[in-house]
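Below is one structure, written out as structure tokens, with a few remarks after it.
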Protein chains: 2
Amino acid sequence: MARDTTGEANGAGGAGGGGGDDPGVTLRAAQDQFIACWGKMGSAWGISRTMAEVHALLFITGEPMCTDDIMERLQISRGNASMSIRALLDWGVVARAHRRGDRKEYFKAEQDVWAMFRAIVRERMKREADPALVSLHEIRDLTSGVDSSKRKGRRRGGRDGVREGGIADETAARIMAHNQRLDEMLKFFETVQTLTDRFVSPSGRGLQIAASILGKAAS
Amino acid sequence: MARDTTGEANGAGGAGGGGGDDPGVTLRAAQDQFIACWGKMGSAWGISRTMAEVHALLFITGEPMCTDDIMERLQISRGNASMSIRALLDWGVVARAHRRGDRKEYFKAEQDVWAMFRAIVRERMKREADPALVSLHEIRDLTSGVDSSKRKGRRRGGRDGVREGGIADETAARIMAHNQRLDEMLKFFETVQTLTDRFVSPSGRGLQIAASILGKAAS
DNA sequence: TATGGATTTCAATCATTTCTGAAACATAGT
DNA sequence: ACTATGTTTCAGAAATGATTGAAATCCATA
């Protein structure tokens, strides 16, 4: 008796196999687990679970899919699917695709893992680290005027600064320590930013190779 | 008339200054902004906002503080403060401190920015990336048996594999593509992990210097 | 420019995470 | 053992973030 009539729609072209450990079923299970894993990772890293799942689906199947395919496979609403896809397009990890004689839009994931992570790092930097760096600079500027090492000549009345020992002195010392901490932090962020910029740049491929080699070289 | 009796408790030893652009007030404002900024960053990166704020407070003041100081300054509950502190201790970015003749526990933040980030990266890896890598390997193993390139001799009846053209062939091809994608991903993660391990290791200081130089060198 | 399918938007709803506060628990000193 | 002081836990409350679904919008075609 024919055991290979399970008929599950596999990706785009239904290609089922046989019975219990049917390769088609196994593949589907592996895909599902990958999607779940990726979704979990995403939410641990501040990306909405669904968005990560949509990406995982497109990446792991490698097939272009339309909104309805995604809704169906992931059991999510149209609105959610639409928003997730849009976000993935914005991030640049998913691209539009079309099929002859079909008005629907299809979507496919970037397949190069390194390119994918470069895109992710680039976007996260742009959205979170860069604004933070700006704020940090603003905060640093707040206490530039009162730092005795670089104060501007402003001196009201004659008694507002570091003079006449004790209390004011202590505040000045605290401000200097504060500024030092902030400066160290800023230096750190700037180093990271430079490194990152280089990694995500078009020629970032060079760094990728460097990382590969570094990663493999003897411990 | 004495204008320096504002009496705001500045860090540990109250040292207020004068009136409008009082350095003490400015410092406080800068600290508050830093705390807010750090909190925002934290939550964008999957760390609870309060936990990040507690850390920011301890880092930017540089003073050891007790639970009550933190509650007071951040306007949070005792439970929240306690849990956040505990988590920061677990992460290794905050250490206990004591004062002679005081039963209370005080806490102070690691002041070396690089050491701090090494600790953060180490923990996040341990908690999120490593388990993900394990799952990824498990998922990869699901489809090892059915990949014709490395199938184990199991062959039931004589007709379960890539033979008899068409349908089964297509599934086999899909599985091979799937495995390739997973393998690429795994290789990527392993490279990143090796790199990271090296960065966070006791001798990671070397990499820090390398990064500093790389970050500064001409673009 | 009318038509009909595809896509996007958004207020309302739902789920998850975080926070509170008071009670339970620890521990040092008496 | 008892008290005083400090710390942790945890069930429910509050806040935050994600999801839905139906209406509005868009757009290629005739």
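Excluded from the calculations below are hydrogen atoms, water molecules and symmetry mates; all remaining heavy atoms, backbone and side chain alike, are included. Note on naming: letters A, B, ... go to the chains in the order of the sequence lines (proteins, then strands), and numbering restarts at 1 for each one.
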SB check [X] [Y] (cutoff 4.0 Å):
X	Y	value
A:Arg73	A:Asp32	yes
B:Arg78	B:Asp68	yes
A:Glu105	A:Arg99	no
A:Glu190	A:Lys187	no

- Trace of the salt bridge (Lys or Arg N to Asp or Glu O under 4.0 Å) decision for B:Glu123 with B:Arg118: CA-CA 9 Å; B:Glu123 285 300 311; B:Arg118 280 212 305 278; over 6 Å; no
Take atom [atom1] of [X] and atom [atom2] of [N], then tell me their distance rounded to the nearest Å.
X	N	atom1	atom2	answer
A:Ile70	D:dT19	CD1	P	14 Å
B:Asp90	D:dT8	CG	P	11 Å
B:Asn80	D:dA14	CG	C1'	12 Å
B:Met71	C:dT20	CE	C1'	10 Å
B:Gln75	D:dA15	CD	C1'	17 Å
A:His98	C:dA6	NE2	C1'	12 Å
A:Leu74	D:dT20	CG	P	10 Å
A:Lys104	D:dA28	NZ	P	16 Å

Looking only at the side chain of [X] (C-beta and beyond, no hydrogens), which of the listed nucleotides [options] gets closest?
X	options	answer
A:Ser82	D:dT19, D:dC10, C:dT9	C:dT9
B:Ser77	C:dT7, D:dG6, C:dT20	C:dT20
B:Glu105	D:dT19, C:dT20, D:dT7	D:dT7
A:Met83	C:dC19, C:dT7, C:dT9	C:dT9

- Quick one: is A:Thr50 getting a side-chain N or O under 4.0 Å of the D:dA18 phosphate, OP1 or OP2?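 No, no such contact exists.
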- Query: Contact class for A:Ser48 vs. all strands (heavy atom < 4.0 Å): base, sugar-phosphate, or nothing?
  - Reply: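 Contact class for A:Ser48: sugar-phosphate only.
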- Message: Let me spell it out: for each of A:Arg103 and A:Arg78, pick the nucleotide of DNA chain D with the closest heavy atom. Which residue's pick is nearer the 5' end?
- Response: A:Arg78
